[in-house]
There are 2 protein chains.
Amino acid sequence: MSLLSPVKESSASTRRPRQRLTKRDQLLETAWQLFYRNGYHATGIDRILADAGVAKMTLYKHFRSKEELILAVLEKRSDQFHESFSRFIRAKKRAPERQLLAAFDWLITWVSSKEFRGCFFQKAMAEYQDLHDPIHQAALAHKATFYGEIRRLVVESSFPNSKTLADQLTLLVEGAIVYSHATGSPMPAVQAREAAWSLIKNARR
Amino acid sequence: MSLLSPVKESSASTRRPRQRLTKRDQLLETAWQLFYRNGYHATGIDRILADAGVAKMTLYKHFRSKEELILAVLEKRSDQFHESFSRFIRAKKRAPERQLLAAFDWLITWVSSKEFRGCFFQKAMAEYQDLHDPIHQAALAHKATFYGEIRRLVVESSFPNSKTLADQLTLLVEGAIVYSHATGSPMPAVQAREAAWSLIKNARR
DNA sequence: GATTATACAGACAGATCTGTCTATTTTCAA
DNA sequence: TTGAAAATAGACAGATCTGTCTGTATAATC
């Protein structure tokens, strides 16, 4: 994330250019919607430009290539994702075990939403499946961060064998995302929550 | 792997055009490899033709469009998949619970193989994410069949609440496929097996 | 030998793809 | 008001995409 030449807004602590950032953000937002809806390869630059109402040269001034645009979108969405997830988890004070379960409440909420169409990052790795591809790497980094958050929740709940439990819960989340998207139903997420509860109870002993 | 022109072998009971089936199978096999390796949108018809050594008109004589080719590949791979899975599961006589666990042994074997690059059908749904898209439907049908096989194993093991357990185990499998592909490691499959064992033991009570 | 199937090579249409370029207009600070 | 920065439209190159078409070659069958 690069902050560019400042303008107006002189007082603030965050000095950010308006127009420039605005166009950039328009592009990122539009690109995200189209990539998410239609896929990465299936979405052409021209379509993004038309939807965003931005000229081609403006895009290529901000991003060197389509790949770089994709990477920027992945990064932004990952940040938004983790912020939203964290907020949800911390929203209510809960007993440690219950807080862990909140991750699955969040999951259920997500897959139940009208906009849900599977995981943006899973799709990235599906289309760019080579492990060394920068896009695959970026998506994987997102997954690693997510795993880290689950892991932290498990540790804070002072489970023994925290790695094992965190691994297992993460698999449930990932599987539920796939199945919920595949079937268009939130039920898999609910089932994942039940499975998680079993595993959590088991881990306590 | 397609066996090519049988030539001779004139006696047979099934009278099928030889050349035709052969070319068709060459196309399906090559198309599968390329779709699996590089994705559906990223793989052009011309590349398939070049790799398969088949003329363009031959392809369009067998399939009306690229979409129809994709559907045929999905169907064929799904058949092969289920046959291979069933054979593995039934290979050794086991106690019911152990047979269920065999599904996870199969999973571990699969994701450990050099050729593993994630799930062909997950990728199809990732690229054709609209529920009503025929390609999505075909991939979903595959997943439904797989779920059915897991379900059958659970029922045969005479677990109470067979649906719940089958649902949960399926999620673990799916999640492990995603993570094993994402990370390039078979470990998630091993963790899924452990989680499955926990759930199975729990379900017995 | 004649007929019919199948497959061939390769040109072609028409659309779309990413990325480059130029020339013009808008924006906004000094 | 002036001048630099930013964004514009739109042409363009060159590649690639799916799908069509023609005419020819190969091979099995009658």
Discussion item. Of the listed nucleotides (dC17(C), dA9(C), dA11(C)), which one gets closest to any side-chain atom of Lys56(B)?
Written reply: dA11(C)
Worksheet item: Out of dT20(C), dC17(D), dA7(D), which nucleotide sits closest to the side chain of Lys23(A)?
Response: dA7(D)
Discussion item. Are there over 12 heavy-atom neighbours, none belonging to Gln80(B), within less than 6.0 Å of that residue's CD?
Written reply: yes
Fill in: Whole angstrom value for the distance that separates P of dC8(C) from NE2 of His62(B)
9 Å
Worksheet item: What is the distance, rounded to the nearest whole Å, between atom CG of Asn38(B) and atom P of dT16(D)?
Response: 14 Å
Worksheet item: From Ser157(A) OG over to Arg98(A) CZ, what is the distance, rounded to the nearest 0.5 angstrom?
Response: 12.0 Å
Practice prompt. Output the single nucleotide from dA7(C), dT18(D), dT8(D) whose closest atom is nearest the side chain of Thr58(B).
Written response: dA7(C)
Worksheet item: Under 4.0 Å: is that the gap between some side-chain N or O of Ser65(A) and OP1 or OP2 of dT18(C)?
Response: no
Response to the item:
The Watson-Crick or G-U wobble partner of dA13(D), with both key distances under 3.5 Å, is dT18(C)
Discussion item. Output the rounded distance in Å from CE (Met57(A)) to P (dA23(C)).
Written reply: 13 Å
Practice prompt. Find the distance between CG (Leu153(B)) and CD1 (Ile89(B)) and round it off to the nearest 0.5 Å.
Written response: 5.5 Å
Worksheet item: Where the side chain of Asp46(B) is defined as all heavy atoms beyond and including C-beta, which of dT18(D), dG19(C), dA9(C) is the nearest nucleotide?
Response: dT18(D)
